[in-house]
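Step one of this worksheet: look at the structure below.
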Amino acid sequence: MKEWQRIAQLSHRTDGSATILGWVTHHRSSGRIQFVTIRDGTGEVQGVVRADEVSAETWETTRALSQEAAVKISGQVRADPRAPGGVELVVAGLELVGASADYPLTPKEHGTDFLMEHRHLWVRTPRQAAILRLRARIIHAIRGFLDDHGFVLADPPIITPAAAEGTTTLFGLDYFGEPAYLSQSGQLYMEALAMALGRVYSFGPTFRAEKSKTRRHLSEFWMVEPEMAFCDFEENLLWQEELVTYVVEEVLRHAPRELEILGRDQEPLRKVRPPFPRLSYDEALERLAEAGMPLTWGEDFGAAHETYLGGLYPAPVFIHRFPAAHKAFYMKPDPDRPEVVLAADLLAPEGYGEIVGGSQRIDDLDLLERRLFEHHLPADTYAWYLDLRRYGSVPHSGFGLGVERLVAWIGRLEHVRETIPFARTLTRVWP
RNA sequence: UCCUCGAUAGCUCAAUUGGUAGAGCGCUCGGCUGUUAACCGAGUGGUUGCAGGUUCGAGUCCUGCUCGAGGAGCCA
């Protein structure tokens, strides 16, 4: 049995003694009475210290407390309408566990660069802690959904010999004298694993050395990549909308406090229900033309186009069947229209852009070899991948979901760098 | 890689047509018997990103550079 309590539990013991361990967030003094606010990761509570109720030593120790000093305090838990949260601790004893001098972060405003430079301390603030709890809840929901639906967690390697798609920029490294790269997608490996386990998913970091500096980009981000054998394009979309819906429901059910701290309006989230609206690439072009943003068939969407399309509906929207020319080599052509592929992007509402990208994969060996040639990719690098089409090839599909973008959308955050404990961006690899 | 904007006290920011670099917060000391980012008084605080130029005089104008921001492209 523990000899101390966590702050979140204090409201259940509004009479009786308690001991808490935590860090000082605020300290106010008014002559003969001091107020010390303590944070312990589960919540905050105010300690009340009266000069005539504690020893001179405790009074002095309390008086000398500074921001983020670690303390152990004990006393009587009491309900009081004047206390933030309605419960306070009338302090009988206070011990300094760890002093804190010249804490850099003040209760006032700071700029982004300063906060990122002190990210190791910034995470202590209520807002940042709420975001990290939200992230944890979202990850828990994703894994729970997939685990409960027969998906086997099977993670691909992070150190890889070549680009998965041969396009985006990779972080290179020296692998015992051989060139190797940090994975920018585990998808090809997931296809192999799906042929072994049926339904699989990966959950891990992904690395992209793109020179992107926007609020939607990180150099290191986390991605979920489910892959399903015997799954066609339509079923793939169903899995995606079921998963996203479940995650949103779980957040609404289990993290309303976090959404409140973030000031996140819950109404748009309550409108996220399957089926999600779907627009074919061709239909999307029509919508864009009506909105004064005409594109000729075959052109890719720009950021403005994506934002517009994502904003058409309260729920995420699928854009599907893109022109094959600019898409990844492994995407299966639509049998009815070979000029488009059975791929879809899921665009989040409220301007958050693409959160999921998925497709049915080519299962025909000849076509896949032809596509590798057309994309100027070396066949020998993909020899093992081609084997998957040689030995019992089946229709299969999968998708990749960006965890940070999902967290940013659900929390309605300004920037993905706040959705991960220590963001790695184009200009920052520290702390 | 390109475009736009920016850099002044530990932090957030002011500084008029080029004319002695300030405020709030933080921190230190003092005051206050219920504070809520407490309040009141005093104190503390500067190579104005770097290098050069114009000028009697540059935080301010000019040139180059460095660093940062968010947007494009690219992407989750």
Side-chain angles (χ1 to χ4, degrees), chain A residues 25-37 44-53 59 63-64 66-68 78 80-86 88 90 100-118 121-122 125-126 164-165 167-170 184-187 204-225 240 299-307 316 326-328 345-348 352-358 399-409 414-417 419-420 425-428:
Chain A
T25 61
H26 297 284
H27 180 215
R28 297 173 293 274
S29 163
S30 183
R32 304 294 289 164
I33 185 168
Q34 298 184 62
F35 300 91
V36 185
T37 307
E44 282 193 349
V45 70
Q46 167 176 282
V48 184
V49 185
R50 295 177 188 279
D52 54 3
E53 292 176 5
W59 178 260
R63 215 183 56 79
S66 53
Q67 196 180 350
E68 290 301 319
R78 191 182 70 180
D80 190 310
R82 293 170 295 186
E88 63 186 15
V90 181
S100 168
D102 302 321
Y103 189 68
L105 271 53
T106 71
K108 283 279 186 174
E109 289 175 88
H110 295 291
T112 304
D113 190 51
F114 180 83
L115 289 168
M116 286 304 288
E117 194 71 11
H118 296 84
L121 303 175
W122 190 22
T125 62
E165 304 175 17
T167 53
T168 44
T169 321
L170 300 171
Q184 45 119 291
S185 167
Q187 188 208 303
T206 300
F207 307 87
R208 305 259 170 108
E210 295 155 1
K211 305 268 187 186
S212 294
K213 26 186 309 184
T214 78
R215 66 185 71 185
R216 300 186 304 279
H217 287 89
L218 295 170
S219 302
E220 175 183 300
F221 64 96
W222 287 65
M223 190 155 66
V224 185
E225 294 183 277
Q240 292 173 45
E299 274 188 292
D300 271 345
F301 298 136
H305 306 112
E306 269 194 9
T307 300
H326 292 105
K327 283 294 179 177
D345 289 347
L346 184 63
L347 304 183
Y352 282 90
E354 183 181 349
I355 51 174
V356 183
F399 59 94
L401 181 154
V403 172
E404 286 76 18
R405 285 190 182 174
L406 184 65
V407 175
W409 162 53
E414 277 296 302
H415 201 300
V416 289
R417 70 183 153 220
T419 66
I420 188 168
T425 67
L426 184 57
T427 58
R428 179 169 294 283

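Here the nucleotide nearest the side chain of A/Phe114, chosen from B/C32, B/A76, B/G10, is B/G10. Comparing B/C32, B/A72, B/A76 by their nearest atom to the side chain of A/Ser30 picks out B/C32.
Taking atom C1' in both B/U16 and B/U60, one finds a spacing of 11 Å when rounded to whole Å. The C1' atoms of B/G46 and B/G22 are separated by 11 Å, rounded to the nearest whole Å. Distance noted for atom P between B/U47 and B/G59: 14 Å (whole Å). Straight-line distance between the C1' atoms of B/A7 and B/C74: roughly 29 Å, to the nearest whole Å. Using C1' as the reference atom, B/U4 and B/U12 are 23 Å apart when rounded to the nearest Å.
With A/Ser66 contributing its side chain and A/Ser100 its backbone, the two residues share a donor-acceptor pair below 3.5 Å.
Here A/Gly302 lies in heavy-atom contact (under 4.0 Å) with sugar-phosphate atoms only. The residue A/Ala83 sits close to a base: some heavy atom pair falls under 4.0 Å. Looking at heavy-atom distances under 4.0 Å, A/Gln34 makes no contact with the nucleic acid at all. Using a 4.0 Å heavy-atom distance criterion, A/Arg428 is classed as making no nucleic acid contact. Contact annotation for A/Glu306: base contact, defined as any heavy-atom pair under 4.0 Å involving a base atom. A/Val356 comes within 4.0 angstrom of the backbone, heavy atoms only, and of no base.
Using a 3.5 Å distance cut-off with no hydrogens or angles, the side chains of A/Gln46 and A/Arg82 do not pair a donor with an acceptor.
With both pairing distances under 3.5 Å, B/A37 is matched to nothing as a Watson-Crick or G-U wobble pair. In this structure, B/U4 and B/A69 make a Watson-Crick or G-U wobble pair, each of the two defining distances being under 3.5 angstrom. In this entry B/C13 has B/G22 as its Watson-Crick or G-U wobble partner, both defining distances falling under 3.5 Å. With a cut-off of 3.5 Å on both pairing distances, the Watson-Crick or G-U wobble partner of B/U28 is B/A42. Taking a pair to require two hydrogen-bonding distances under 3.5 Å in either a Watson-Crick or a G-U wobble arrangement, B/G52 pairs with B/C62.
Note on A/Thr206: every side-chain N or O is 4.0 Å or more away from OP1 and OP2 of B/A76. Contact between the side-chain N/O atoms of A/Arg28 and the OP1/OP2 oxygens of B/C40 is not found at any separation under 4.0 Å. Between B/U35 and A/His26, no contact under 4.0 Å exists linking OP1 or OP2 to a side-chain N or O. Contact check, A/Arg50 against B/U35: no side-chain N or O comes under 4.0 Å of OP1 or OP2.
A/Ser212 contributes a side-chain N or O that forms a donor-acceptor pair with the base of B/C74 under 3.5 Å. A/Glu117 contributes no side-chain N or O that forms a donor-acceptor pair with the base of B/G68 under 3.5 Å. Donor-acceptor pairing under 3.5 Å, judged by distance alone, is absent between the side chain of A/Arg32 and the base of B/U33. Looking at A/His217, its side chain comes within 3.5 Å of the base of B/C75 through a donor and an acceptor atom. A/Arg78 contributes a side-chain N or O that forms a donor-acceptor pair with the base of B/G34 under 3.5 Å.
Under the stacking criterion of a centre-to-centre distance below 5.5 angstrom and an interplanar angle below 30°, A/Phe35 is not stacked against the six-membered ring of B/G34.
Taking 4.0 Å as the cut-off between side-chain N and carboxylate O, A/Arg215 and A/Glu414 count as a salt-bridged pair.
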